[in-house]
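So that the names make sense, note that chain A is the first sequence line, chain B the second, and so on, each numbered from 1.
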Amino acid sequence: MRLSRSFIPTMKETPAEAQITSHRLMLRAGMVRQTSAGIYAWLPLGLRVLKNIERLVREEQDAAGAQEVLMPTIQPAELWKESGRYEDYGKEMLRIKDRHDRDMLYGPTNEEMITDLFRQSVKSYRELPQILYHIQWKFRDEVRPRFGVMRGREFLMKDAYSFDIDHAGAVQSYRKMMLAYMRTFQRIGLKAIPMEADTGPIGGDLSHEFIILAPTGESQVYYDATFEEMDYLSAGAGGFSHESAEDLERFFKAMTTQYAATDEKHDATKWAMIDAPRKREGRGIEVGHIFYFGTKYTKSMGVRIAGADGKPVHPEMGSYGIGVSRLVGAVIEASHDEAGIIWPDSIAPFKAVILNLKRGDAACDALCEALYAKFAGTALYDDREDRAGVKFADADLMGHPWQVVVGPRGAAAGRVELKRRATGERVELTPDEALARIG
RNA sequence: CGGGGCGUGGCGCAGCCUGGUUAGCGCGCGUGUUUUGGGUACACGAGGCCGCCGGUUCGAAUCCGGCCGCCCCGACCA
């Protein structure tokens with residue numbers, strides 16, 4: 001994309017409504033614009049990041065054996081009346097009426113709907129286990145939306161639902177999802193820690209929230225450094241496979257025996273027993289939450305399937321959420337500096353930005369065009385007629401992992417400068433060397 | 001939902017208390033000159049229902065009332 005032709009409205013100053021870092025940077029970098037309290041429009045740069053996170057989440061869900069579906073945003077109230085949550089959910093649920101005066105709602109979550117879909121088709125234990133997920137916009141009419149996309153009323157969420165014939169199977173599904181989550185967060189470039197959580201309105205008796213560390217987090221968290229040292233992506237010895245019950249068991253044990261707690265569940269006595277150098281504490285942002293809730297919905301909604309002995313059984317369920325749009329803000333909270341955002345390579349909107357420091361200079365223009373063509377759409381080309389300083393500042397602000405700086409001096413000699421955003425390190429290279437380095 | 005604050009060109013703000021010419025400043029935007037590796041300088045220019053409705057007044061951005069919107073702190077949440 002050529003910056004001169006793009007819709008990426010960067011700003012030098014921060015709009016007054018934005019207080020926390022990620023919100024300020026997202027507005028300044030031209031990623032989003034607010035349309036109402038807690039409701040945002042995603043502009044090209046922000047949407048690219050959102051899509052990248054969505055892609056990683058999808059890949060890991062698929063790898064764990066979950067199947068993607070897409071449920072509607074608007075749901076009939078009947079399903080919620082059936083489960084009993086139509087009354088329980090309160091004002092957070094946006095209730096609407098259609099032209100026939102039927103009660104509808106904008107989905108805040110999808111347990112009821114997925115359970116309805118399941119009961120329509122699944123009749124036998126032979127068809128289990130099943131894990132279904134979708135990535136869809138949700139609406140929760142928060143009393144007080146804040147922190148930009150991290151606490152919006154409308155948000156993009158990946159929610160998965162597992163169906164198993166018995167408790168043992170449900171636990172297995174739960175562990176699979178937990179592993180998928182740790183892999184997902186690692187790929188996004190985050191250190192996420194699973195912490196035991198209350199189950200809240202969704203109900204159930206086994207639940208973990210996934211928390212990443214960032215100074216602006218909403219709650220105080222404590223955990224053992226072991227979590228940071230683990231590699232959830234490696235396949236060999238020490239790694240974990242979704243397919244192996246032993247691996248999942250070992251993985252789950254590792255996740256639940258090391259100390260990790262939010263301030264609500266913090267146990268000062270246990271904490272005191274941990275070696276000081278292994279203690280990690282700070283503010284945390286919740287980026288995912290998983291629940292096992294057994295037969296809560298299959299009972300209330302009358303779901304029965306044939307068990308092995310031919311007798312009817314209520315399947316056991318779990319649900320698994322990742323705040324996809326929240327992650328965009330959360331990553332920025334965890335990865336930025338004075339100058340702006342620092343994108344992890346895996347979710348960056350562009351691999352690199354090409355800075356043409358002197359548009360109109362034949363050597364610069366030619367070199368930039370050649371580079372831009374080689375990137376084949378994966379780089380942003382700053383071809384604006386602005387001063388070098390403006391381009392440097394915007395490049396840092398937008399946070400591209402690599403900056404390929406093309407100035408008249410270097411261009412004449414066939415050289416460019418490659419800057420790594422995260423470290424600030426710069427090297428002079430030939431264009432081909434730079435391309436190879438970026439990969 | 002309790003407490004606090006704010007709404008003035010795209011962004012950041014001043015003006016309001018003490019009503020009175022064409023509503024001002026910085027940034028950004030346009031044109032030109034200048035500068036040419038970290039938000040250059042100068043000149044000229046475009047751009048405003050002063051959140052909305054009503055009231056007071058000869059006269060309202062300014063005073064009064066109502067409404068709407070947004071932000072922050074707290075209680076609550078992916």
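B:rC77 atom P lies 15 Å from atom CE of A:M157, rounded to whole Å. In this entry the distance linking CG of A:D386 with P of B:rC27 reads 15 Å, nearest Å. Rounded to a whole Å, the CZ atom of A:F139 is 18 Å from the P atom of B:rC77. With rounding to whole Å, A:K391 atom NZ is found 13 Å from B:rG38 atom P. B:rC77 atom C1' lies 8 Å from atom CD of A:E218, rounded to whole Å. When rounded to the nearest whole Å, the span between CG of A:D88 and P of B:rC76 equals 18 Å. Spacing between atom CG of A:D382 and atom C1' of B:rG39 amounts to 13 Å, rounded to whole angstrom units. Distance A:H289 NE2 to B:rC76 P: 15 Å, rounded to the nearest Å.
Going from the C1' atom of B:rG4 to that of B:rU57 covers 33 Å, rounded to whole Å. Comparing B:rC6 with B:rG51, their P atoms are spaced 13 Å from each other, to the whole Å. Comparing the P positions of B:rC29 and B:rG10 gives a spacing of 15 Å, expressed to the nearest Å. Going from the C1' atom of B:rG26 to that of B:rC70 covers 24 Å, rounded to whole Å. The P atoms of B:rU36 and B:rC50 are separated by 45 Å, rounded to the nearest whole Å. For the C1' atom pair drawn from B:rC76 and B:rU18, the interatomic distance equals 46 Å after rounding to whole Å. Between B:rG59 and B:rG3, the distance separating the two P atoms is 37 Å to the nearest Å. Look at the C1' atom in both B:rC42 and B:rC49: the space between them is 35 Å, to the nearest Å.
Here the side chain of A:Y161 pairs a donor or acceptor atom with the backbone of A:N110 at under 3.5 angstrom.
Across all strands shown, the partner of B:rC13 is B:rG24, judged by Watson-Crick or G-U wobble contacts whose two distances both fall under 3.5 Å. Checking B:rA43 for Watson-Crick or G-U wobble geometry (two distances, each under 3.5 Å) identifies B:rU31 as its partner. Nucleotide B:rG69: paired with B:rC6 (Watson-Crick or G-U wobble, both distances less than 3.5 Å). Under the Watson-Crick or G-U wobble criterion, with both distances below 3.5 Å, B:rC1 is paired with B:rG74.
Within 4.0 Å (heavy atoms only), A:R426 reaches at least one base atom of the nucleic acid. Contact annotation for A:V324: no contact, since no heavy-atom pair falls under 4.0 Å across all strands. Within the 4.0 angstrom heavy-atom criterion, only backbone atoms of the sugar-phosphate kind lie near A:A37; the bases stay farther away. Heavy atoms of A:E92 sit nowhere under 4.0 angstrom from any nucleic acid atom. Nucleic acid contact class of A:K91 (heavy atoms, under 4.0 Å, all strands): sugar-phosphate only. Residue-level contact check: A:E209 touches neither bases nor backbone, having no heavy atom under 4.0 Å from any strand. Residue A:D396 is classed as a base contact, given a heavy-atom separation below 4.0 Å to a base. Among the protein residues, A:D394 comes within range of the nucleic acid bases, having at least one heavy atom under 4.0 Å from a base atom. If you check every strand for non-hydrogen atoms under 4.0 Å, A:S325 touches nothing. Contact annotation for A:G360: no contact, since no heavy-atom pair falls under 4.0 Å across all strands.
Residue side chain A:R28 does not reach the base of B:rG28 through any donor-acceptor N/O pair under 3.5 Å, judged by distance alone. Between the side chain of A:R146 and the base of B:rC72 there is no donor-acceptor pair of N/O atoms closer than 3.5 Å.
Of the residues in residues 341-359 of chain A, those placing a heavy atom less than 4.0 Å from an atom of RNA chain B are A:L357, in numerical order.
Outside the 6.0 Å centre-distance limit, the rings of A:H167 and A:Y174 are not counted as a close aromatic pair. The aromatic ring centres of A:F291 and A:H289 sit less than 6.0 Å apart. A:Y40 and A:H23 have their aromatic ring centers within a separation under 6.0 angstrom. You'll find the ring centres of A:F155 and A:W137 outside the 6.0 Å limit.
In this structure, the side chains of A:K351 and A:H400 stay at 4.5 Å or more apart for every pair of heavy atoms. Counting heavy atoms from C-beta outward, A:M255 and A:F227 have side chains that approach closer than 4.5 Å. Side-chain contact between A:M317 and A:S162 is absent, with no heavy-atom pair separated by less than 4.5 Å.
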List the atom pairs, donor and acceptor, that lie under 3.5 Å between side-chain atoms in residues 402-411 of chain A and the rest of the protein, sequence neighbours left out.
unit_1: A:Q403; atom_1: NE2; unit_2: A:D396; atom_2: OD1; d: 2.7

Check: What one-letter contact string describes nucleotides 9-14 of chain B from 5' to 3', where B marks a base within less than 4.0 Å of any protein heavy atom, S marks contact via sugar-phosphate atoms alone, and - marks no contact?
Finding: --BSS-
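In this model, the phosphate group of B:rC73 is approached by a side-chain N or O of A:R144 to a distance below 4.0 Å at OP1 or OP2. Under 4.0 angstrom from either OP1 or OP2 of B:rC71 there lies at least one side-chain N or O belonging to A:Q34. Using a 4.0 Å cut-off, some side-chain N or O of A:R387 falls inside it from OP1 or OP2 of B:rU40.
For the atom pair A:W42 CH2 and A:S325 OG, the distance stands at 5.5 Å (nearest 0.5 Å). The distance from atom CE of A:M71 to atom CD of A:E112, rounded to the nearest 0.5 Å, is 11.0 Å. How far CD1 of A:I212 is from CD1 of A:I285: 4.5 Å, rounded to the nearest 0.5 Å.
Positionally, the nearest nucleotide of RNA chain B for A:G38 lies more toward the 5' end than for the other of A:G321 and A:G38. Each of A:V287 and A:P145 lies near RNA chain B, and the nucleotide nearest A:P145 is the one positioned closer to the 5' end.
Between the side chains of A:D164 and A:Q172, no donor-acceptor pair is found at a separation under 3.5 Å.
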